[in-house]
Amino acid sequence: ALSDTGGDSVTVEAVTSTLTAQSELTINLSEPEVISHWPDCAFSCINATIGVQFNQRMATSTYAGGLNVWECLDDLCTATSSLPVELIDAYMDETTYRLVPPRGAPLHLNTAYLAVVEPTILARTSLGGLGRPVARHEWRFRTKAVDGACQIDRVRIDPDPFTAYFIGEKTNYIALP
């Protein structure tokens with residue numbers, strides 16, 4: 001059987017030596033939604049990555065303009081700037097989308113922000129089409145008042161250690177900040 005987040009049905013046929021049966025099958029996955037977002041801390045760095053993780057595969061071609069960050073004009077964020085903050089793509093795959101402030105233009109110190117995931121981001125179907133839109137999701141975060149930029153203080157390299165036993169033996173390394 002095929003699974004398809006678009007809601008299309010498929011026909012499933014079961015055949016045994018004495019019986020043949022056919023039935024229509026619809027696999028209806030849960031609605032696409034954000035299951036994790038960041039920053040999600042009391043005070044964020046002004047150079048923080050802003051991102052979301054989805055509960056299912058999404059069409060990366062629909063990510064553009066689907067995650068916006070607005071500067072709040074008051075502490076309760078009852079009003080926001082008229083234009084979203086300029087951010088650039090940092091990383092994307094089918095379940096994760098991350099944005100960062102451009103180099104030299106970080107977020108402002110001691111400022112509240114509203115991040116919004118719009119329902120223009122669509123699920124990806126197993127048949128290659130576009131599925132349902134993600135549910136609108138929003139959260140607020142505030143940047144640090146002083147020493148706003150963050151630096152990486154350590155990097156873990158995996159695998160640690162790796163020993164080659166044969167000529168030409170290789171491994172791939174990843175760095176985890």
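Of all non-hydrogen atoms in F43 and T143, the two that sit nearest each other are CD2-O, 3.8 Å. Minimum interatomic distance between S30 and R132 (heavy atoms only, all atoms of both residues): O-NH2, 3.4 Å. Of all heavy-atom pairs between P133 and P32, the closest is O-CG, 3.5 Å.
Side-chain contact between N68 and L114: absent, with no pair of heavy atoms (C-beta onward) separated by less than 4.5 Å. Side-chain atoms of F141 and V69, non-hydrogen and from C-beta on, do get closer than 4.5 Å to each other.
Under the 4.5 angstrom side-chain criterion for Ile, Leu, Val, Met, Phe, Trp and Tyr, W38 has no cluster partners at all.
Note: the hydrophobic cluster containing Y97 does not contain V116 (ILVMFWY, side chain heavy atoms under 4.5 Å, direct or indirect links).
Looking at V100, L67, I50 one by one, the single match for side chain to side chain contact (heavy atoms under 4.5 Å, CB included) with L87 turns out to be I50.
Screening residues 70-80 for salt bridge (Lys or Arg N to Asp or Glu O under 4.0 Å), with sequence neighbours left out, gives D75-R142. Residue pairs satisfying the salt bridge (Lys or Arg N to Asp or Glu O under 4.0 Å) criterion with at least one member in residues 111-122, sequence neighbours excluded, are listed as follows: E118-R136.
When atom types are taken as modelled, the side chain of T78 and the backbone of L76 share no donor-acceptor pair closer than 3.5 angstrom. No donor-acceptor pair under 3.5 Å is formed between the side chain of Y63 and the backbone N or O of R98.
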